[in-house]
Amino acid sequence: MPPSLAEPVEPRGPLKPKPDQRGPDPFTPTGQPSGDTTETRAQGGAYLTTATGTRLPDTDHSLKAGPRGPVLLRDHHLREKITHFDHERIPERVVHARGAAAHGVFRAYGTAANVTKAAFLAKDVETPVFVRFSTVLGSRGSADAVRDTRGFATKFYTSEGIFDLVGNNIPVFFIQDAIKFPDIIHAGKPHPDREIPQAQSAHDTFWDFVSLHTEATHHTLWNMSDRGIPRSYRMMEGFGVHTFRLVAEDGATTLVKFHWKPKAGVHSLVWEEAQIVNGVDPDFHRRDLADAIEAGAYPEWEFGIQILPDTGEQTFEGIDLLDPTKIVPEELAPVQPIGLLTLNANPANFFAETEQVAFHVGHVVPGIDVTDDPLMAGRLFSYLDTQISRLGGPNFDQLPINRTHAPVNDMLRDGMHQTAVHTGVAPYRPNSLDGGCPFQAPGGYVEVPYPVEAAARGRVAPASFDDHFSQPRLFWLSMSPVEQAHIIAAYTFELSKVFEQTIRERQLQVLARIDPYLCEQVALGLGLPVPEGKPEVYVEPSPALSQVGKTWPTKGRIIGIVAGGDLEALRTVRQTVLDGGMVPLVIAPTGGVLPGPGDPVSVQRTFAAARSVEFDAIVVAGAPAPGTDAIGARDAKAGLSGPVDPRVSLMLNEAYRHGKPLGGWDGAAEAFASAGIPPGAPGVVVGEAGPAVLGEVVTLLGGHRVWARFPASLGPNA
């Protein structure tokens, strides 16, 4: 509802959530459908009240003894209001503190029915979900587009209970055993003495740890690749990381690895673009997710599994399936789609949902079991322990966002924040006082009775865990030349921020064991000698690991349209963008509505406010003259004067450097020339008609970037 210019004075109840928002589904703390509506679960009534519903005529003045005080201690409203405010914050997550989330639905294809009895994976079953994306290292107030691993956690509200798939956008992890998790996080977090740098790995403690602890090499290489700076959450792959065990109806077991494949493709930012994003819009990823859902461009992922035989060795093609620093290349075990995830609603309240949602690796349902991965074993303990600390007690599962959609009869009683009003007198079994209830379920969850091999107790690891370099080399050889160039640049940048030269030299020794050219180029950038060393193994590349060379749908992509003289063509282009499922943002010298005949065209961005990083492609309807505010003292981006607004020139120059498709008509060649873009440059379309130009730009956008603009010739990968 649009706000009025004057302060409203006519009493009315709370407004409903926006059309793109919804809260948690209406279930009781014990998993029963409650029949609640949004109104009954949110604030109610037209008048201000205390927490217990007593109406208040004033909340601007404390209760005083006379106009000049003193303030009286008996002022309950003051004490209640301030006390609640003082306790609004809860401890943020130690890792994955910075997040964004959305509601959605998962529809199963039924293709997994032969390997698991999980009810939510049966054909055409639809399951509500809540998905939270996050960065690992930064605090809640950090920026989104940092170089980091991203969390991809999915809560399935199945008919058999909650299944939490708590994964990442990188399929491997830094460590093989959970006992080292505090070490890697302490190393990656800001330095304890100065609490800097925030949300970054470009510092001494991180590189000190990973250069000494070489099992981290594989994950570190993924982080230094473009995977470490995704374009958006909706263009990000997800992985379960660990190997899981599925159980079929007949009791047969299969090992699997879980994958989320975005329908929009896997895309990333380039490094300079990410740096600009973090200054211009630190909320870039969470805003992108919410805006896409609000615009109806619902993000989608296919859920897939790599099916692996459940042998006694728990290995596949020589790969130890219990080692979380290893992948199984898709060429050896293709990812088989088993369902579709669609995110279709934003949370109604960030704190109540995104911040209080509690995931746990141990939340599994019949048909899904864990394995003996030593990293998973620690997670099974840690997640439960963490939620008790963050959410104030053991009853965090009763928070609305965490409530199961299956009936609960758990015999768990009391504790902090108990909201279920339990009945009966016998929360134990066996009992006769409550009629024997609850009864044990013959078809309930049973852990797979997997045989345990006799062995001596000790703090040891299998010999297969000692291979720290074959898979990093596999990843490096699987990258395209431009992706390899980005990895070289990332290592060079990060290590240049390391103060201690011995740490840089030690990391170069690690790189030498991945690839000699990678090591040589990073050493050259650091001005250090190339250490001796060479790769120890030969591996076949896995083309599936590269993000470059494919064509993807353009649904949900953002097209910047710079206003010039041709208003009619601009209007047509804008509508064509909308019809194509993309999002048009009109950019003009000032806000409001573009002057001219016909239907009004609203301006979403001004030359002063727009920056290239917001758009996936830009088209220019002419050569816009400098705006009246193109003055250096008012807007430093205005720069030097010229025939074209210098802020438009800067925007086009940035977009060109970042490999984005560009197009224009009606004299737009002059705008490109002012930006220093040479005529006939790759991915720059100049034509006579706006719709035709847009068509070519959208075709280019299918490849995400104009990679031909980045010629990269690397040496032999010997």
Side-chain angles (χ1 to χ4, degrees), residues 20 102 104-107 109 129 131 133 150 152 169 226-227 229-239 259-270 273 284-285 287-304 330 334-345 480 483 543-561 573-585 613-619 655 658-663 683 685 691-708:
D20 63 289
V105 63
F106 174 76
R107 180 176 60 82
Y109 297 155
V129 298
V131 179
F133 306 100
R150 265 69 181 182
F152 193 130
N169 76 318
D226 292 342
R227 302 283 187 143
I229 41 175
R231 158 62 179 84
S232 73
Y233 291 136
R234 55 199 173 98
M235 300 167 198
M236 192 174 79
E237 220 166 356
F239 304 91
H259 293 249
W260 291 111
K261 297 284 189 181
K263 300 284 276 186
V266 186
H267 305 302
S268 298
L269 302 169
V270 297
E273 185 182 17
F284 184 72
H285 283 151
R287 189 188 312 280
D288 176 271
L289 177 67
D291 285 354
I293 292 171
E294 186 176 11
Y298 298 144
E300 294 179 322
W301 289 262
E302 274 199 313
F303 193 32
E330 293 183 27
V335 176
Q336 303 183 30
I338 62 174
L340 181 69
L341 166 68
T342 304
L343 299 183
N344 54 21
S480 66
E483 290 171 303
L545 295 175
S546 174
Q547 297 179 230
V548 175
K550 305 178 184 70
T551 300
W552 301 99
T554 57
K555 175 186 174 183
R557 292 304 192 110
I558 300 173
I559 310 295
I561 307 175
V573 165
R574 180 182 180 279
Q575 188 59 49
T576 304
V577 171
L578 283 169
D579 293 342
M582 297 169 287
V583 180
L585 295 179
V613 294
E614 187 174 5
F615 313 109
D616 294 298
I618 300 175
V619 294
H658 301 158
K660 296 179 179 180
L662 300 171
V685 182
V693 167
L694 176 67
E696 292 189 52
V697 168
V698 171
T699 299
L700 290 166
L701 188 56
H704 181 53
R705 296 191 192 272
V706 183
W707 298 113

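Since this is a predicted model, take the numbers as computed values, not measurements.
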Can you name the closest pair of heavy atoms from [X] and [Y] and give their distance?
| X | Y | result |
| --- | --- | --- |
| G556 | A297 | CA-CB, 3.7 Å |
| A655 | I618 | CB-CD1, 3.9 Å |
| V685 | V693 | O-CG1, 3.9 Å |
| P299 | R234 | CB-CB, 3.6 Å |
| L700 | G683 | CD1-CA, 3.7 Å |
| T554 | M582 | O-CG, 3.1 Å |

Report yes if the side chains of [X] and [Y] come closer than 4.5 Å at any heavy-atom pair, otherwise no.
| X | Y | result |
| --- | --- | --- |
| W301 | L343 | yes |
| L701 | I559 | yes |
| H285 | P230 | yes |
| R227 | S268 | no |

Kindly write out the residues that satisfy ring-ring contact (aromatic ring centres under 6.0 Å, His included) with [X], not counting sequence neighbours, or none if the list is empty.
| X | answer |
| --- | --- |
| W260 | F152, F303 |
| H658 | none |
| F284 | none |

Residue list, side chain to side chain donor-acceptor pair (under 3.5 Å) with [X], at least two apart or on another chain:
| X | value |
| --- | --- |
| E273 | K660, R705 |
| R557 | H267, D616, H704 |
| S546 | E483 |

* Asked: Between R150 and F133, is a side chain to side chain contact (heavy atoms under 4.5 Å, CB included) present by the stated rule, with each step listed?
  -> CA-CA 7 Å; R150 265 69 181 182; F133 306 100; 5.9 Å; no
Rounded to the nearest 0.5 Å, how far apart are [atom1] of [X] and [atom2] of [Y]?
| X | Y | atom1 | atom2 | value |
| --- | --- | --- | --- | --- |
| Q547 | W552 | CD | CH2 | 9.0 Å |
| L341 | E302 | CG | CD | 11.0 Å |
| D288 | R231 | CG | CZ | 4.5 Å |
| N344 | D20 | CG | CG | 10.5 Å |
| L269 | S232 | CG | OG | 8.5 Å |
| Y109 | L340 | OH | CG | 4.5 Å |

* Between V619, T576, I561, which is the residue that forms a side-chain contact (heavy atoms from CB on, under 4.5 Å) with P584? ->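 Single side-chain contact (heavy atoms from CB on, under 4.5 Å) partner of P584 among V619, T576, I561: I561.
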* **Test side chain to side chain contact (heavy atoms under 4.5 Å, CB included) applied to T699 and E696, step by step** => CA-CA 5 Å; T699 299; E696 292 189 52; 5.6 Å; no
